[in-house]
Amino acid sequence: MSSIVSDRQFALIDGNAFYVSCERVFAPRLRGRPVVVLSNNDGCVVARSDEAKALGIGMGTPYFKIRQPYERAGGIALSSNYTLYADLSSRMMSIIGQYSERQEIYSIDESFLEWQGFRHAELDRMAFELRRQVGQWVGIPVGIGIGATKTLAKAANRLAKHHPDFRRSGVCNLSALAPARLEAYLAGIAPGDVWGIGARWAARLAGLGIRSALDLRQVDPAWVRLHFNVVLERIARELRGVACLALDEAPPPKQQIISSRSFGRLITALEPLRQAVSTHAARAAEKLRHEAAQTRALTVFLHTPPFNVSEPQYHPGVTIRLANPTSDTLALTAAALRGLLCIYQPGYRYQKAGVMLLDLAPARGEQLTLFPDDETGIPERSSRSALMAVMDRINRRMGRHTLWTAAQGVSGSRPAEDWRMNRGKLTPAYTTQWAELVVARAI
DNA sequence: TCTGGGGTCCTAGGACCC
DNA sequence: TCTGGGGTCCTAGGACCC
């Protein structure tokens with residue numbers, strides 16, 4: 001078997017409990033202990049170490065619900081340190097990229113590779129070497145799954161992490177297995193654990209007698225199309241080894257950009273909402289320029305807390321069309337603040353605000369109207385884009401809060417951020433701030 | 001007291017066009 | 001006796017992902 005040269009194979013490489021592993025690189029005291037990383041505002045659990053999983057901590061659990069027993073059991077909780085995770089991610093991804101001409105970076109901790117024309121023994125050897133190298137160079141443990149389709153590679157990755165036959169090596173190559181063994185492993189995977197199948201579909205599938213990935217592989221794809229849709233049909237075909245999902249090497253241009261945050265406390269007054277909306281407009285505009293794109297429409301929205309039924313609920317949103325496509329922070333801020341005035345109602349306690357940019361287009365070759373609108377007078381366009389370029393450069397070089405708009409508010413030498421989120425358990429920016437580097441001392 | 005943020009794809013139905 | 005056919009665009013809603 002292992003001497004046969006394979007046709008195209010997909011590998012899925014991902015970091016185990018990635019955020020927790022990033023934290024452990026620089027804080028050895030976290031090793032061997034239950035550790036969770038919390039979402040923004042220290043709200044929900046978004047990453048768990050094996051030890052935390054063993055305590056029964058579920059993914060997405062609101063932290064306040066488990067905090068007391070968890071901490072009593074010696075558990076540690078940390079705020080999300082995205083600066084650190086993004087930096088370690090890019091180091092990990094560049095190592096992974098050395099192992100194939102074709103790589104898709106699928107998320108902050110997951111990457112697909114495509115391999116063609118290798119013997120299975122060579123595939124396995126490369127996978128082991130990759131795993132060893134990422135472990136040694138970045139300090140992140142990874143799991144690797146190999147299969148004939150992306151969906152099978154995902155399933156293999158799951159087995160590499162959870163199944164006793166593969167957990168020790170951390171590598172699972174489903175394509176190298178005899179059909180009967182492959183089917184035996186697929187029989188042990190619940191439909192809801194297959195990539196692309198969520199809780200809703202899993203429940204409906206169970207009602208129709210589909211109780212494993214193997215069952216789904218064996219039903220007629222046309223039947224799946226009839227009872228569900230083309231998305232699930234593709235998943236069923238992929239489980240049969242028919243590749244329906246291609247490797248996406250270059251991410252397609254974004255279709256929308258969102259910036260939003262829950263507040264650290266509920267807010268009723270207009271001024272802090274203006275500051276928050278201005279900050280979201282500025283962040284969204286910065287992302288837009290990073291994409292080399294412009295927008296022709298922007299939505300502003302507010303939310304009252306969705307979980308407290310005794311409070312009056314209100315979640316308005318308004319979309320503002322722009323006469324000229326733009327990526328100018330000042331123009332987008334002005335439009336967003338106009339939108340805020342349309343939807344703001346006093347008397348509610350707001351929990352969240354955000355700005356979405358829709359209808360994006362590449363920055364070059366845009367259609368201008370004959371008539372400049374108030375915020376982006378055509379004669380000023382080129383000096384405005386030069387201003388934005390300078391602002392982005394300064395903020396990249398000197399730090400995020402070096403230049404900002406007055407509408408974001410001022411508090412000392414920073415934006416006001418009265419609405420700032422809670423991040424009480426934040427670890428240092430170990431790899432991106434000189435002042436926060438780890439110092440090793442000889443004893 | 002305390003429940004994240006940022007995305008994608010597909011479908012159905014209505015408006016509108018030639 | 002009896003009202004075409006084919007197409008696009010937009011929106012809302014539903015499902016999923018990490």
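For the numbers below, each heavy atom of this structure counts, side chains included, while hydrogens, waters and symmetry mates do not. Chain letters run A, B, ... following the sequence lines, proteins first and then strands; every chain starts at 1.
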When A:V230 and A:K287 are each assigned the nearest nucleotide of DNA chain B, the 5'-most assignment goes to A:K287

Of A:V231 and A:S260, the one whose closest nucleotide on DNA chain B sits nearer the 5' end is A:S260

| query | Does CZ in A:R102 sit with more than 12 non-hydrogen atoms of other residues, nucleotides or ligands closer than 6.0 Å? | reply | yes

* Electrostatic pair A:E286:A:R289 at N-O distance under 4.0 angstrom -> no

Requested in this report: Answer yes or no: is there an ion pair linking A:E291 with A:K287, defined by an N-O contact shorter than 4.0 Å?
Outcome: no

With heavy atoms under 4.0 Å as the rule, sort [X] into base, sugar-phosphate or nothing.
X      : answer
A:R234 : sugar-phosphate
A:N41  : nothing
A:R261 : sugar-phosphate
A:S259 : sugar-phosphate

Within the 3.5 Å criterion, strictly below it, is a donor on [X] or [Y] matched to an acceptor on the partner's side chain?
X      : Y      : result
A:N173 : A:D124 : yes
A:E23  : A:Y85  : yes
A:N41  : A:S39  : no

Rounded to the nearest angstrom, tell me the gap between atom [atom1] in [X] and atom [atom2] in [N].
X      : N     : atom1 : atom2 : value
A:Q351 : B:dT3 : CD    : P     : 6 Å
A:N422 : B:dC2 : CG    : C1'   : 9 Å
A:E311 : B:dT3 : CD    : P     : 11 Å
A:F301 : B:dG4 : CZ    : C1'   : 12 Å
A:D42  : B:dT1 : CG    : C1'   : 14 Å
A:L358 : B:dG6 : CG    : P     : 14 Å
A:Q313 : B:dT3 : CD    : P     : 13 Å
A:H280 : B:dG5 : NE2   : P     : 8 Å

#### Entry: P gap between B:dT3 and C:dC18, integer Å
24 Å

Residues 191-202 of chain A vs salt bridge (charged side-chain N to carboxylate O under 4.0 Å, His left out), sequence neighbours excluded, gives A:R158-A:D193

Quick note, A:R283 side chain, CB onward, closest among B:dT3, B:dG5, B:dG6 is B:dG6

Rounded to 10°, the helix from B:dG5-C:dC18 to B:dC18-C:dG5 deviates from straight, judged by its five-pair end axes, by 10°

(message) On the nucleotide B:dT3, are OP1 or OP2 found under 4.0 Å from the side-chain N or O atoms that A:K352 carries?
(response) no

Practice item. Report the C-alpha separation of A:R283 and A:R400 in whole Å, then their side-chain angles, then the decisive distance to 0.1 Å, and conclude whether the side chain to side chain contact (heavy atoms under 4.5 Å, CB included) test is met. Key: CA-CA 10 Å; A:R283 272 191 66 209; A:R400 213 189 196 131; 4.0 Å; yes

Is there a side chain to side chain contact (heavy atoms under 4.5 Å, CB included) between A:L38 and A:V45 once you walk through the steps? CA-CA 5 Å; A:L38 304 176; A:V45 171; 4.0 Å; yes

Checking A:F10, A:F112, A:W201 against A:W195 for ring-ring contact (aromatic ring centres under 6.0 Å, His included), the one that qualifies is A:F112

Given protein heavy atoms under 4.0 Å, the one-letter contact record of nucleotides 7-18 of chain C, with B base, S sugar-phosphate only and - none, is simply --------SSSS

